[in-house]
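What follows is a short report on a single structure.
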Amino acid sequence: MIRGTGPGIRSRNRVCGVEEIKARRRQQERALRKARKEKQLVSKRLPRGLQGDGEEMEIRETSVTQEEVLQLYQRIQHGSDDRLAALRSLHQVLQLKEAQQMFVRFENSIRVLIGLFTSNLASVQLKAAQCLLELSHSDDPSISLVCLPATPYLLTYLSGQSAKFTELCLYILGNLAAENEAVRNQLLLQGVIQALAICLQSPHGAVVEAAAYSLSQMLQAKEAGEKIIPAVLEANLTPHLIRLLDLDSEFGMQTAVECAWCLHYIVSRKPQEGRLIKTVCCLSCSGVNCECMISQNLIRQAVILLIALGKAIESGITTDGVELLIYPVARCLGNLIVSNGPARSKVQPHASDVLRALSTFTSRFLQSRPFVTRECLWLLNNLTAGDEQFCSAIFHLNLVPVFLQLIPFSGGINTLVLMLLGNIAEMGPEYCEKLQQQTDIFPALCTTLRTADPEVVRLTLEVLNLILSHCQQACVSFANQSGISALEAIQYNSNEEIRVRANYLMDRYFTHKAPRCLEMGKFLNLSISFPFWLILDF
């Protein structure tokens with residue numbers, strides 16, 4: 001690998017080179033992942049089919065007065081003959097944020113609404129539930145606390161006969177659990193995990209999807225690693241979630257999406273810090289590790305699903321939103337591989353099919369859904385890190401040109417492609433020879449050398465050093481592609497580390513300054529390398 005020169009740089013690299021680089025890259029990638037997660041996940045849901053019965057559902061006014069809300073409250077409170085009509089009107093106005101805040105401030109308003117929610121009149125009960133759904137969807141965290149008295153009734157009705165009403169209760173529970181730890185703690189004490197386990201086995205697809213959604217809301221919580229995941233594992237929910245990762249399932253793709261996110265949160269949570277990072281074979285304070293998920297065939301199911309999705313996209317028979325399934329499944333599989341080295345061996349029998357599917361995703365969603373491309377490239381990095389079989393399969397399938405086409409794209413895509421090339425080049429002379437035979441590789445690397453992103457330039461220099469050191473004839477090919485002028489240009493880069501690395505490449509491969517090369521060689525023996533396979537942890 002390329003290192004700097006001079007006493008100051010030598011000392012810095014010896015002491016903290018690896019950790020500094022890893023820490024910087026973790027920070028960058030975590031920020032990217034957090035942004036992608038927040039962009040793709042909807043914290044709360046208001047399913048269209050559960051919002052109302054279609055009667056006068058459009059809000060004609062964009063504001064409402066406190067007096068109007070009070071009148072509606074009084075009509076439902078005093079049991080007038082038009083209580084159902086009043087509930088319909090209340091449901092309508094509660095779609096306004098200001099009306100929600102007005103309503104919950106009235107004395108006993110939630111208790112009155114809960115009373116109607118527990119009514120023996122199905123029509124009144126349903127409309128009151130729809131009002132609760134609107135309140136649960138509020139972006140004001142205090143409203144979920146106000147609705148706390150409704151949770152035992154919501155859990156009770158999960159065992160009811162009406163699938164639609166059960167679905168409605170599940171979405172209310174999921175919304176209430178999204179933002180408030182006090183709500184989640186009460187739900188745990190009231191047995192929400194056991195109730196969700198039963199709903200996940202329902203014959204009704206809408207109920208299963210809503211149950212998985214509610215569970216995913218619980219699993220996203222900061223305290224999930226210590227409180228929620230152990231309960232989920234103890235209740236043996238994960239086999240049901242894994243079973244539903246199936247395109248041919250009668251419950252549909254949206255259910256698979258919710259289950260995939262649940263599994264991802266379970267695999268990736270570290271209890272001490274309560275965030276999504278790499279685990280060291282530890283998923284929860286109960287001591288259950290990744291081997292538990294692997295033993296339940298999660299890897300096999302994820303691999304089969306990705307391959308099926310790849311074939312479906314190639315054949316043009318996919319539906320809208322398929323990227324929202326690829327995204328969490330790729331994350332889940334990538335984290336399992338990072339957390340458990342032997343896990344990769346379970347993917348190896350399907351190496352060619354998995355690589356073909358991932359390359360399809362990277363190309364298909366590059367323009368429309370770049371977050372999918374990034375996620376698949378990250379998984380590809382974890383699969384190829386130190387693995388001869390996956391690196392060989394990339395050449396067998398002629399995928400290097402596919403990845404080189406991604407080089408011009410920023411936003412983390414070019415960085416991940418360079419890391420992937422580095423993983424391949426790390427395998428030795430045979431692989432570097434195959435890389436340099438790719439006619440587009442040096443023009444692509446010359447392009448990245450001229451970018452303004454120092455991380456991209458640094459990774460490019462790393463890849464170049466690997467290829468040139470293992471394949472001497474590559475020097476001529478690189479020089480013929482104006483590579484020397486690109487290196488000469490960055491010898492004046494403002495970044496000292498990049499200047500040193502560029503100088504080293506020039507001195508070692510393209511000039512005959514033997515003393516300087518000897519000096520750099522001595523430094524190489526002293527400094528710490530940063531192998532490409534030290535992939536990010538999430």
Are a donor atom and an acceptor atom from the side chains of [X] and [Y] found within less than 3.5 Å of each other?
X	Y	result
Glu179	Ser144	no
Gln92	Gln95	no
Gln125	Ser119	no
Ser142	Asp140	yes

Checklist line | Asn175/Leu135 under side-chain contact (heavy atoms from CB on, under 4.5 Å): CA gap, chis, key distance, verdict | finding: CA-CA 9 Å; Asn175 288 345; Leu135 289 173; over 6 Å; no

Taking all atoms of both residues into account, what is the closest heavy-atom pair of [X] and [Y], and its distance?
X	Y	result
Phe251	Pro203	CE2-O, 3.6 Å
Gly160	Thr166	O-OG1, 4.0 Å
Gln217	Ala178	NE2-CB, 3.2 Å

So, does [X] use its side chain to make a donor-acceptor pair with the main chain of [Y] at under 3.5 Å?
X	Y	value
Asn335	His264	no
Gln100	Glu134	yes
Thr118	Ile114	yes
Gln220	Tyr265	no
Ser202	Ile198	no
Asn180	Leu176	no
Arg83	Ile76	yes
Ser363	Thr360	no

Tell me, do [X] and [Y] make a side-chain contact under 4.5 Å, heavy atoms counted?
X	Y	value
Asn423	Asp387	no
Asn382	Trp378	yes
Leu380	Phe403	yes

Next item on the list: Kindly indicate, with the supporting measurements, whether the criterion side-chain contact (heavy atoms from CB on, under 4.5 Å) is fulfilled by Trp261 and Tyr213.
Entry: CA-CA 9 Å; Trp261 279 111; Tyr213 162 73; over 6 Å; no

Margin query: Centre-to-centre under 6.0 Å for Phe371 and Phe365, is that the case here?
Written below: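 Centroid distance Phe371-Phe365: not below 6.0 Å, so no.
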
